[in-house]
Amino acid sequence: MNAPLTLLDRLWSLHEVHQGEDGTSLLWVDRHLVHEGSHHAFAKLAERGLPVAEPGLTFAVVDHYAPTRRTGPMADPAIARMIDTLRGNATRHGLRLFDLEDPDQGIVHVVGPEQGLTLPGLLITCGDSHTSTHGAFGALAFGIGATEVAHVLATQTIWQRKPQALRITVDGDLPPGVSAKDIALNWIARLGADGAQGHAVEYAGSAVRNLSMEGRMTLCNLTIEGGGRMGMVAPDDTTFAYMRGRPHAPHGDDWQRVLDNWRNLASDADARFDRDVALSAEQIAPIVTWGTSPEQALPIDALVPDPEGLPPAKAQAARAALDYMGLVPGRPLAGTPVDQIFIGSCTNGRIEDLRAAAAVLAGRKARVPGLVSPGSARVKAQAEQEGLDRIFVEAGLEWVASGCSMCVGMNGDLVEAGKRCASSTNRNFRGRQGKGARTHLMSPAMVAAAAVTGTLSDVRPLLKGRAL
Amino acid sequence: MAGWTVTRGKAVLLPMANIDTDQLIPARFMSTPRTQGYGRFLLHDVRRNARGEPAPDFPLNAHPDATILVAGRNFGSGSSREAAVYALVDAGVRVVAAPSFGDIFAGNAVNNGLLPARVAEADAALLTKVLSTGTAQGAADLGARLLTIADLSVPFELDEVWRTKLLNGWDDIDLTRQHSTEIAAYRARIQSDPGRFPDDNAVRS
Ligand code: SF4
């Protein structure tokens with residue numbers, strides 16, 4: 001009898017080219033995604049005079065520095081140079097480039113799945129930590145550094161030690177107004193921002209099965225914020241329905257053949273995980289972060305924590321975070337005035353996210369300014385077809401083109417020092433959205449609630465009587 | 001990259017947990033070519049006060065010649081930007097000791113000759129005590145997996161493969177090319193598996 005296997009075991013052995021005596025494996029990479037930030041890696045390749053080993057498996061996307069206002073000349077020459085460098089490298093090595101004006105351009109982790117480049121069972125790498133997103137399809141996907149990007153470019157393989165397997169099971173029904181973002185922030189707050197270090201996380205349970213692909217991507221995306229390099233969900237009919245007919249997905253006879261393979265991509269019922277964590281969906285409330293690490297998160301109806309009441313190891317960090325965030329211990333989180341909002345990013349910039357925000361904003365006015373940046377040009381087109389753009393604009397928000405935008409501020413979309421931003425992104429680190437910027441992470445619906453009220457607010461009362 | 005066995009230098013304390021890569025190097029500096037040096041970007045905003053001047057009480061401002069940093073848990077969490085490691089290395093840092101590291105950061109560090117020395121929480125507390133009043137001379141010994149600061153020696157954990165890489169200064173690309181026959185065989189095996197290679201017809205370049 002064969003030993004029971006986890007999904008991680010299956011994906012790992014599918015890609016093993018060589019097993020080293022030292023316990024590391026040389027793995028084949030099926031899709032390698034590069035962006036403007038990959039310039040260090042291309043420079044390393046050029047230094048050694050090496051070609052890209054598999055241009056047909058390498059895809060370049062303009063996203064990190066993409067201007068979200070695409071009319072007129074680019075204001076900042078440094079930004080223009082970053083994009084030009086990527087164009088040059090893509091041309092030199094014969095790579096498919098999703099350039100600014102491409103109807104398929106977008107954030108790399110939105111484009112991959114949307115184009116059917118991401119498929120169940122594949123191994124996907126990218127020089128970006130949120131590559132974990134692609135695991136939502138039952139792929140082995142993880143972020144790598146520049147030296148590793150150069151290695152994948154040169155050899156189409158990567159050396160890795162197999163991580164341990166951590167299963168997070170979420171059973172039950174998510175209450176209305178609660179989303180995948182809240183599940184993720186919930187477990188990160190519980191296990192810590194390093195809670196899943198050294199582990200690949202598999203998400204299971206009825207609440208995960210009931211999530212759309214968008215929701216699963218949000219969950220896998222945020223795995224890195226809990227320290228896990230890879231997140232994954234076993235593919236099922238929801239996955240296959242999403243994949244079917246995507247531009248690069250298999251079709252015809254091949255489609256039937258892949259479906260048979262894909263159905264085997266799951267953990268055996270009696271597979272052993274190194275760690276197991278269980279959450280009850282019913283008990284998850286809309287969450288906001290109050291500090292400068294994603295682990296510093298609490299339900300919206302909580303009070304700003306008092307560092308004196310925390311364990312000493314956490315108290316000092318909490319004090320520093322509250323000081324940076326300009327929050328007073330003991331006051332309710334709800335009601336904290338915000339200066340602006342941002343909806344977008346690879347975490348929550350997909351169509352379902354925009355729909356969730358629009359459901360709150362429809363017929364209402366935003367009390368604070370804000371930016372809505374769809375995750376891709378395709379998401380943008382679909383949102384416009386559904387009339388979501390009009391809801392945002394009529395509410396007083398700015399509807400702009402797709403890119404990483406205010407998630408990281410590399411394109412110049414920044415939050416000013418001292419300003420407080422309700423944001424659908426993934427990192428509330430000091431200075432992430434701009435020097436001195438104060439970021440509160442939350443779901444897109446919660447961001448919409450903050451826009452409507454001008455403060456951190458519980459979205460649930462605002463959803464009463466609205467179709468979701 | 002040159003290999004090394006023992007490194008000696010001045011140790012300072014960065015008594016903070018969750019020093020993420022956005023703090024190690026803010027995004028706005030990342031369009032700079034590496035040839036210009038990244039050392040001046042290290043912890044750029046963290047080490048300055050509200051007026052943008054270097055804060056005199058920040059340990060690295062008082063001791064820019066430090067080569068060993070002792071920090072809190074989850075050092076280097078966040079983005080995969082290897083620029084965070086470049087900033088450390090270009091500023092002369094050879095060792096970071098902490099109770100835990102971001103996974104991607106630790107791999108990037110080793111690829112650039114920087115030692116991510118993982119120490120037990122209790123030992124981190126002892127090291128913090130030794131450095132709480134100032135700096136001290138320190139040494140990291142890869143052979144013995146031992147970190148010494150002043151007269152306190154504590155063991156550190158390091159993946160065996162990573163230790164070998166640091167000792168030898170090995171480059172993965174050269175190593176991997178020894179396996180090119182296996183790689184070619186693997187490729188041939190999967191070539192006709194549906195989905196493994198994207199449909200050429202759909203690729204516009
Ligand atoms: S949206 Fe943010 S997290 Fe996602 S790839 Fe872009 S910068 Fe990274």
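Lettering of chains follows the sequences in order, A, B, ..., and the numbering in each one begins at 1.
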So which part of A/His15 gets closer than 4.5 Å to some heavy atom of chain B, the side chain, the backbone, both or neither?
-> both
If we only count heavy atoms from C-beta on, is the B/Arg189 to A/Trp28 side-chain gap below 4.5 Å?
-> no
Which bit of B/Tyr86 comes within less than 4.5 Å of chain A, counting heavy atoms only: side chain, backbone, both or neither?
-> side chain
For A/Thr147, does its backbone N or O pair with a side-chain atom of B/Glu82 as donor and acceptor, under 3.5 Å?
-> yes
Measure B/Asp172 against the heavy atoms of chain A and call it side chain, backbone, both or neither at under 4.5 Å.
-> both
Partner chain A: residue of B/Ile190, B/Thr164, B/Asn112, B/Asp193 with the largest heavy-atom pair count (under 4.5 Å) = B/Ile190
With salt bridge (charged side-chain N to carboxylate O under 4.0 Å, His left out) as the test, would you mind laying out the steps for B/Arg73 and A/Glu295 before giving the verdict?
-> CA-CA 13 Å; B/Arg73 59 172 263 265; A/Glu295 71 183 18; 2.9 Å; yes
Which bit of B/Ser192 comes within less than 4.5 Å of chain A, counting heavy atoms only: side chain, backbone, both or neither?
-> backbone
Toward chain B, the part of A/Arg432 with a non-hydrogen atom under 4.5 Å = both
Okay, A/Glu36 and chain B: the region with an atom under 4.5 Å from a heavy atom over there is neither
Can we say A/Arg161 and B/Asp159 salt-bridge, meaning some charged N sits less than 4.0 Å from an Asp/Glu carboxylate O?
-> yes
For B/Asn18, is it the side chain, the backbone, both or neither that has a heavy atom under 4.5 Å from a heavy atom of chain A?
-> side chain
Indicate yes or no: does B/Asp171 engage A/Arg48 in a salt bridge with an N to O separation below 4.0 Å.
-> yes
So which part of B/Met30 gets closer than 4.5 Å to some heavy atom of chain A, the side chain, the backbone, both or neither?
-> both
Tell me, for B/Arg196 versus chain A, whether the close heavy atoms (under 4.5 Å) come from the side chain, the backbone, both or neither.
-> both
Determine whether A/Tyr65 and B/Ser31 make a side-chain contact, defined as any pair of heavy atoms from C-beta on separated by less than 4.5 Å.
-> yes
